[in-house]
Amino acid sequence: MFDFTTITTAIDQFLRSMMPAQFAIIVECILVAACALLAYVMFAIVMIFMERKVCAAFQCRLGPMRVGPWGLLQVFADVFKMLIKEIISINRSDSFLYRLAPYLVVMSSVLTFCCLPFAKGLQVLDFNMGVFFLMATSSFGVLGILLAGWSSNNKFSMIGAMRSGAQMISYELSIGLCMLTVVTLSGTMQISELVEQQHDAWFIFKGHLPAMLAFVIYLIAGNAETNRAPFDLPEAESELTAGFHTEYSGMHFGFFYVAEFMNLFIVAAIASTLFLGGWMPLHISGFDTFNMVMDYIPGIVWFLGKTFFIIWVLMWFRWTFPRLRIDQVPTLEWKYLVPIGLVNLLIMTVCVVMGWTF
Amino acid sequence: MEMKKPTIKSIPYEEFKDNETLESLIKELNKERTNVVVGALDDLINWGRSNSLWSLTFATSCCGIEFMAVGAARYDFARFGFEVTRNSPRQADLIMVAGTITHKMAPVLKRLYDQMADPKYVVAVGGCAISGGPFKGSYHVLNGVDKIIPVDVYIPGCPPRPEAMLYGMMQLQRKVKIEKYFGGKNHRAKKGEMPNEPIIVTNAPIDINENC
Amino acid sequence: MNLTFIDIKEFPKRMEEYRYSKGMDFLRDIIGMDWGEEGLGAIYILENTATGENIEVATITANREKPLIPTVCHLWNVAELYEREVYDFFGIYFTKHPDMRRLFLRNDWVGYPLRKDYDTSEAINPIRMENEVTEDVQRPYEIAEDAEQAIIDKQTNKIHGDQYIINIGPQHPATHGVLRFRLALDGEEIKKIDIHCGYIHRGIEKMSESLTYPQILALTDRLDYLSAHQNRHALCMCIEKAMGIEVTDRTQYIRTIMDELQRIDSHLLFLSCAAMDLGAITTFIYGFRDREKLLDILEEVTGGRLIQNYNVIGGVQADITPDFVRKVKEFCQYQKGKIKEYNDVFTYNVITQKRMKGVGVISRADAISYGCTGGTGRASGWACDVRKRHPYALYDKVDFKEIIYNNGDCYDRFWVRLDEILESIHIIEQLIDNIPEGEYKVKTKPIIRIPEGRYSASVEGSRGEFGVYIESRGEKSPYRIKFRPMGLPLIAAMHKILKGAKVADLIAIGATLDYVIPDIDR
């Protein structure tokens with residue numbers, strides 16, 4: 001497999017030869033930030049376009065067709081419009097928190113985005129507590145949503161925010177349990193290491209039954225984390241008009257909109273990293289020629305292929321399922337997913353201890 | 001930089017009715033010269049705005065059902081960039097006043113309009129919104145929404161066919177395409193004033209009067 | 001039907017007698033009347049649901065300044081809103097009524113519009129652009145015992161200021177129009193609900209008093225635009241009955257088929273909107289996709305998609321097109337197969353079932369007392385189909401069964417509509433091949449005058465019983481015309497159904513009750 005570290009070390013050495021080490025690090029930070037944000041925005045645009053087309057396909061429609069070939073430029077038009085739309089400031093609201101909230105949401109998803117291993121060596125943050133860091137950053141997005149709802153001085157927003165708080169904090173638990181299941185199997189929390197360990201077989205095959213169960217629970221909980229149907233209660237269109245972002249206009253709303261899609265991408269990317277091997281090609285031990293052929297496909301293609309497959313599955317859920325009621329959301333989590341997750345973790349531990357894994 | 005005639009992809013310019021209104025607007029805007037860079041930026045912004053007009057989910061009566069039909073499978077306004085209807089007025093660019101506006105509803109509609117973020121456009125859909133329609137004589141009906149909010153495009157019909165609505169929305173797109181965001185005079189009047197000369201969408205062919 | 005006048009002093013006792021001794025448990029409508037010199041009054045149409053017996057009673061008060069009529073809302077729950085409507089339009093106070101506020105018009109409205117001496121000038125009631133101050137008080141009035149009989153306003157708070165109050169509507173995606181619910185919440189649970197109507201009150205009844213009968217026909221389509229055919233059918237039937245016009249068999253066939261097509265259209269829209277309100281947007285589009293096929297047929301015959309203006313006095317506007325029969329048959333075949341698709345994608349989904357089963361239950365007795373006809377009543381086990389109770393057109397000749405479910409929850413209300421689509425197809429299939437030859441319209445006089453008297457007719461609209469009541473004085477236009485709204489009883493029952501429900505349940509209940517706001521407000 002091609003290792004991106006060769007490129008990054010080359011750049012690093014080049015910069016260090018030009019300037020003192022401290023400056024080099026600063027320049028690298030800026031470069032990385034620019035690349036990460038650019039990638040973030042590009043993925044958001046791709047995702048929004050994909051959502052529209054997938055949704056249209058499910059609904060016997062065509063979706064955007066007129067702006068650019070097959071409507072490819074539609075999202076760009078939306079972005080231009082949103083950038084120059086008036087940003088309304090609300091009377092009698094906490095204007096500092098009101099303005100801060102969308103940035104918190106975006107910040108959380110950008111930080112999480114940086115942890116994703118796109119290909120071998122192509123990863124911004126990679127250290128021995130990777131999984132833990134990932135969970136921490138992804139969960140402070142809920143703070144932004146709570147603040148948005150509270151500071152808008154709007155009752156719909158408030159209800160939306162409270163729903164969101166109740167939902168995201170509970171489902172965080174299931175996500176944690178599923179990740180722990182994988183960590184138990186692999187014995188490491190470093191993300192690059194996790195991927196490397198899947199070179200002979202993906203974790204979903206290695207961990208067989210408990211891993212598959214964890215994968216399913218992860219998809220459900222991940223869907224809830226991103227506030228998408230059937231868990232779109234915080235912004236339940238037919239109940240709360242637009243939920244926690246009712247009062248936001250222009251680019252502030254745009255941030256929430258983009259963050260929602262990127263959270264979906266992140267959830268799918270983590271699922272593919274933890275369970276489907278991330279950028280690791282499909283390897284079957286024993287079939288060396290087959291593995292060699294698979295290796296010719298670049299890692300980033302594998303990673304994006306798996307991720308977008310999962311995104312497609314989640315979109316399928318979104319467009320066919322009705323919405324849950326607020327009391328059914330915690331019921332599903334606390335009465336079903338958490339107990340199953342705990343038992344699953346126990347089974348996985350037993351499997352690992354007894355060596356019943358592949 | 002001169003402002004060009006607004007065109008819609010793959011529909012000939014002449015096929016649209018009421019080009020005169022737009023041309024007079026363009027003439028007025030072209031009186032003041034604009035820098036090329038600013039003009040190009042304006043073009044980009046107008047392209048973005050006109051292709052991404054999100055409508056507010058607003059319907060009071062019959063026309064609302066037809067509006068839903070325009071969003072559904074057969075007519076599908078998402079094709080033209082009216083991708084989603086937003087339920088919150090803050091996020092909407094366009095309000096389709098679909099249905100009768102009564103005395104009790106009038107302040108609510110005005111408030112909704114005020115809550116929308118700029119730039120905002122109003123389309124009066126159907127006879128009731130234009131003039132009170134069949135309920136003109138009633139004691140509780142507002143005879144035309146243009147009495148309380150400025151209207152950009154009128155779509156007559158009771159209710160208008162979905163095709164008429166799409167046509168009206170395209171007329172709005174054309175109108176949005178001849179705006180100046182940076183500098184220059186905007187054809188939209190100052191805040192609080194009614195904009196001049198709305199576009200009339202005609203269902204009937206122009207020569208209908210000659211035939212009968 | 002004869003109208004019995006009851007003296008106002010005996011009125012409460014006699015009404016109680018009707019309710020309990022004679023078993024008149026269904027109050028179909030209260031019609032406020034302004035009889036000029038004779039005074040103001042109200043006509044009550046009662047029905048015994050067990051025997052199908054109908055009576056009309058009326059009471060009258062000569063005092064125009066301070067008209068007082070005893071309330072009947074302790075006998076029939078639905079009277080609460082009906083009486084508020086009469087108060088709103090005629091200024092009649094119903095004594096001991098728990099909540100005597102205006103129902104449709106603004107609180108600061110001057111005068112009572114349906115009185116004959118009402119001044120319609122703009123100067124008295126200009127368009128007020130300031131927001132209406134929401135009164136969260138109920139206004140029971142009592143009458144002082146002394147000779148002056150002063151009206152004592154006893155305000156009581158309906159919703160307290162310190163409760164968490166949210167407004168669902170007037171502009172809200174789930175109210176299907178401009179209805180406004182003021183909810184007092186405890187967490188997500190609804191504690192109290194206050195309903196504000198009138199955001200689309202167009203004054204159709206008042207307008208009709210100065211229009212000729214053929215002109216009024218045009219307005220009926222716009223009442224409940226999803227039962228445009230049935231509404232117009234009712235008015236045509238009423239006028240034809242009054243004038244003694246016999247319509248041809250061909251007309252009857254066409255009218256019946258069109259009524260049923262309209263019912264399918266309405267139920268498809270119901271299915272779509274119910275699904276959208278529950279969050280399943282794809283099903284919404286599926287419903288609309290199939291509805292378009294039906295609209296094609298309607299458009300070809302009548303020229304309109306939604307508002308069709310098809311029935312006229314003495315027949316129908318135009319004959320059916322040559323390939324109408326073929327197209328309807330094709331549609332019936334097509335639609336039968338699609339029901340399964342809706343079920344697969346929506347109805348059998350576990351979330352749908354959890355959201356609808358056992359939610360928003362209304363018992364049979366309540367359904368009758370609140371007058372919830374149509375699918376809502378039938379889901380509660382009340383056989384209230386006008387097509388069976390008082391058959392009109394060809395409904396006594398065709399074979400169809402009345403869909404009745406017994407739980408009265410959202411899920412049953414949903415299924416009633418789905419089953420009725422199939423039943424309507426069944427009716428159409430019996431008729432479509434046998435449309436007799438003949439005139440589609442009989443000749444009528446150029447100017448239509450109805451002989452003096454009172455006439456009523458009712459049909460089964462898409463969402464309940466739609467009734468027309470005309471009082472004529474032999475003129476070109478009616479002295480008073482009243483349309484029985486299908487939706488008003490449904491929202492009257494709302495606070496009963498909502499006991500202990502959550503905000504999300506309100507949406508599910510609202511979706512399955514299937515009201516259309518212009519029909520409520522008229």
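Residue numbers begin at 1 in each chain, while the letters A, B, ... track the order of the sequences. Just the heavy atoms: all of them, side chains too, but no hydrogens, waters or symmetry mates, feed the values below.
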Participant: Could you label the plane-to-plane angle of the B:Y139 and C:Y118 rings as parallel, tilted or perpendicular, counting under 30° as parallel and over 60° as perpendicular?
Facilitator: perpendicular
Participant: Taking the ring of B:F135 and the ring of C:H201, is the distance between their centroids below 6.0 Å?
Facilitator: no
Participant: Which atoms of B:L109 are under 4.5 Å from chain C, going by heavy atoms: the side chain, the backbone, both sets, or neither?
Facilitator: neither
Participant: Looking at B:T60, B:T57, B:V108, B:D76, which has the largest count of heavy-atom pairs under 4.5 Å with chain C?
Facilitator: B:T60
Participant: Ion pair present between B:K104 and C:D521, side-chain N to carboxylate O less than 4.0 angstrom?
Facilitator: no
Participant: Does any N or O in the side chain of C:Q171 come within less than 3.5 Å of the main-chain N or O of B:S88, such that one atom is a donor and the other an acceptor?
Facilitator: no
Participant: Quick check on the structure: residues of residues 104-112 of chain C within a heavy-atom distance below 4.5 Å of chain B, by number.
Facilitator: C:F104, C:L105, C:R106, C:W109
Participant: Quick check for you: among B:P162, B:G71, B:C128, which has the greatest number of heavy-atom pairs under 4.5 Å with chain C?
Facilitator: B:P162
Participant: Does anything in residues 286-293 of chain C get under 4.5 Å of chain B by heavy atoms, and if so which residues?
Facilitator: C:F288, C:R289, C:R291, C:E292, C:K293
Participant: Check whether more than 12 heavy atoms from other residues, nucleotides or ligands sit under 6.0 Å from atom NZ of C:K476, and answer yes or no.
Facilitator: no
Participant: Under 3.5 Å, is there a donor-acceptor pair linking the side chains of C:S266 and C:R463?
Facilitator: yes
Participant: Of all the heavy-atom pairs spanning B:P160 and B:V125, show the shortest one and how long it is.
Facilitator: CG-CG1, 3.6 Å
Participant: Do the ring planes of C:H229 and C:Y310 sit parallel (below 30°), tilted (30 to 60°) or perpendicular (above 60°)?
Facilitator: perpendicular
Participant: I'd like to know if the side chain of C:D519 reaches the main chain of C:M486, judged simply by a donor and an acceptor atom lying under 3.5 Å from each other, with no hydrogens or angles considered.
Facilitator: yes
Participant: Looking at C:R222, C:R305, C:K206, C:E299, which has the largest count of heavy-atom pairs under 4.5 Å with chain B?
Facilitator: C:R305
Participant: Taking B:A59, B:P89, B:S138, B:P134 one by one, which has the highest count of heavy-atom pairs under 4.5 Å against chain C?
Facilitator: B:S138
Participant: Are side-chain N/O atoms of B:Y167 and B:Q171 paired as donor and acceptor at under 3.5 Å?
Facilitator: yes
Participant: Output the option from B:P107, B:A106, B:G99, B:C158 having the highest count of non-hydrogen pairs under 4.5 Å with chain C.
Facilitator: B:P107
Participant: Between B:Q173 (side chain) and B:F80 (backbone), is there a donor-acceptor pair under 3.5 Å?
Facilitator: yes
Participant: For chain C, find which of B:A73, B:S61, B:A72 contributes the most heavy-atom pairs closer than 4.5 angstrom.
Facilitator: B:S61
Participant: Does a donor on one side chain sit under 3.5 Å from an acceptor on the other, for C:R232 and C:N309?
Facilitator: yes
Participant: Considering only heavy atoms, which portion of C:L211 lies under 4.5 Å from any heavy atom of chain B: side chain, backbone, both, or neither?
Facilitator: neither
Participant: Let's test your reading of the structure: which of B:G64, B:G137, B:P159 forms the most heavy-atom pairs below 4.5 Å with chain C?
Facilitator: B:P159
Participant: Measure centre to centre between the rings of C:F346 and C:F284, then say whether the value is under 6.0 Å.
Facilitator: no
Participant: In terms of heavy-atom proximity below 4.5 Å to chain B, should C:Q215 be classed as side chain, backbone, both, or neither?
Facilitator: neither
Participant: Quick one: what part of C:I200 sits under 4.5 Å from any heavy atom of chain B, side chain, backbone, both or neither?
Facilitator: both
Participant: Would a distance-only check, ignoring hydrogens and angles, find a side-chain to backbone donor-acceptor pair under 3.5 Å from C:R84 to C:R102?
Facilitator: yes
Participant: Check the angle between the aromatic planes of C:F270 and C:H267 and answer parallel, tilted or perpendicular using the 30° and 60° thresholds.
Facilitator: perpendicular
Participant: What part of B:L112 is in contact with chain C, defined as an atom under 4.5 angstrom from a non-hydrogen atom: side chain, backbone, both or neither?
Facilitator: side chain
